[in-house]
Amino acid sequence: MSSIDYSQKIPNNVNLASDRTLQRALEQWQPNFLNWWADMGPMSSQLHDVYLRTAISAHPSGWTHFDYVKMPDYRWGIFLSPQVEDRRIHFGEEIGKPVWQDVPGEHRANLRRIIVTQGDTEPASVEQQRHLGLTAPSLYDLRNLFQINVEEGRHLWAMVYLLHKFFGRDGREEADALLQRRSGQQDNPRILGAFNEQTPDWLALFMFTYFTDRDGKFQLLALTESSFDPLARTTKFMLTEEAHHMYVGESGVARTIERTCTVMREHGVDAPDQVRALGAIDLPTIQRYLNFHYSVTLDLFGADQSSNAAMFFSSGLKGRYEEARRGDDHVLKDRSHTILDVQHGKLVEREAPMLNALNEVLRDDFIRDSISGVGRWNKIIEKAGLPYRLAVPHKAFNRQIGTLSGVRVTPDGRVVSQAEWDAQVGEWMPTAADREFVGSLMHRVLEPGRYAGWIAPPTHRINKQPLDMEYVKLQ
Ligand SMILES: [Fe+2]
Ligand SMILES: [Fe+2]
């Protein structure tokens with residue numbers, strides 16, 4: 001079951017050949033996907049030979065194969081983690097019963113919605129990043145970008161398989177619609193806010209892959225708990241691919257900080273304009289980028305109180321992060337969780353029924369996970385002997401969804417008036433001038449082993465290859 005059949009038009013480990021109708025439907029969707037890739041995938045990249053990994057097995061050990069591939073020839077396919085025998089529902093109202101191999105009629109609409117919402121983020125991020133190859137700071141970084149892009153395309157395949165196999169005609173329509181929406185487009189945008197934002201430069205890309213791909217990690221982890229077994233198995237395999245995306249983000253920001261610190265130390269400068277004059281990105285600008293990407297990512301978890309979240313949990317569709325490891329009853333009827341509320345213009349904490357606050361529970365898990373990387377970034381600054389420290393902003397900062405969307409809150413958690421916000425927002429979020437400056441540093445570097453001046457070389461190799469390998473052969 002875990003080995004992948006590459007002799008088929010659509011590589012898969014689900015014995016697709018045994019279901020001719022499904023196979024034919026997916027083979028009809030395939031050219032539409034390739035057209036979408038040609039239109040909306042990485043710009044001017046179709047002919048490059050890229051050193052990419054491809055999944056060859058769904059077993060976590062030894063699942064990858066590396067080779068040069070032209071991206072349109074990448075073998076996108078359908079890979080599910082191996083089935084766990086006698087797997088049981090382990091949370092919600094139906095706890096203890098066998099998991100579902102098919103979609104129960106009463107959960108059909110909700111499951112479809114969960115799958116479509118997840119599926120929509122995958123092509124969206126490819127669209128958001130499509131122009132970045134033209135300004136890659138090195139061949140190593142260019143290769144990493146393309147690796148992420150092809151794998152997000154693979155994740156779209158993962159969700160489209162579920163739609164086609166389990167949701168009949170409306171599933172096929174949803175699969176088509178996933179190729180029709182466009183990130184940032186007015187008439188037909190992607191479903192979630194952060195996936196309609198721009199990723200204008202490489203610092204934004206690194207922040208996006210650190211924070212927003214991490215939202216993906218937490219959503220996928222919650223779905224690996226699902227009682228709908230094919231969804232659990234699909235998302236489990238997606239997570240093995242996802243880890244590298246967050247690594248690209250964390251190490252990309254780390255290398256940017258490293259370079260900035262080197263410039264500051266070598267030249268004994270501290271003021272942002274002096275740092276900029278030396279071609280590095282000043283730390284306050286990095287902090288503003290962090291504030292932006294962190295806050296828009298927090299919104300992706302949804303409203304702090306949500307009856308849908310309660311229903312998704314109680315009916316066994318979506319669990320919590322590490323559900324099995326939690327020591328409670330996994331039904332949560334009389335549990336509570338602390339949420340933030342606004343009273344008389346002030347932020348106050350209060351207890352809410354946990355079932356309704358499950359978006360907040362997942363958001364809090366995400367916050368804990370994100371903070372650890374920020375601590376590692378600060379170690380670099382500390383090691384350079386500089387006093388500056390990065391921090392994630394307050395949870396209520398710049399929120400557009402839920403209770404907190406009604407207030408203006410500073411990064412350190414003070415509620416302020418709209419006028420105060422307007423006067424100071426340029427210190428907290430990237431300004432047009434910041435974006436213009438960072439944009440001015442973005443020049444493509446194509447010589448193997450060379451890096452743009454604003455970023456330090458990487459420390460980790462790809463598949464044990466030397467850092468000065470020609471990771472992308474441009475054609
Ligand atoms: Fe993904
Ligand atoms: Fe990702």
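Quick note: residue numbers are just sequence positions, from 1. Atoms within each ligand, like the ligands themselves, are counted from 1 in listed order.
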Checking distances from the Fe ion (ligand 2), one finds that the N, O or S atom of H245 closest to it is ND1
Under 2.8 Å: N/O/S of D213 next to the Fe ion (ligand 2) | yes
Flag this pair as yes if the NZ/CZ of R181 is under 6.0 angstrom from the six-membered ring centre of F195 and inside a 45 degree cone about the axis; otherwise no.
-> no
Rounded to 10 degrees, what angle sits at the Fe ion (ligand 1) between E152 OE1 and E122 OE1?
-> 80°
Working for salt bridge (charged side-chain N to carboxylate O under 4.0 Å, His left out), residues R190 and E127 = CA-CA 10 Å; R190 292 293 172 185; E127 293 167 1; 2.7 Å; yes
Stacked cation flag R214 on F218, 6.0 angstrom / 45 deg | no
Indicate if the distance from the Fe ion (ligand 2) to the nearest N, O or S atom of H155 falls below 2.8 Å.
-> no
Around atom CZ of R450, are there more than 12 heavy atoms of other residues, nucleotides or ligands at under 6.0 Å?
-> no
For the Fe ion (ligand 2): the N/O/S atom of E242 at shortest distance = OE2
Are W157 and Q30 linked by a side-chain donor-acceptor pair shorter than 3.5 Å?
-> no
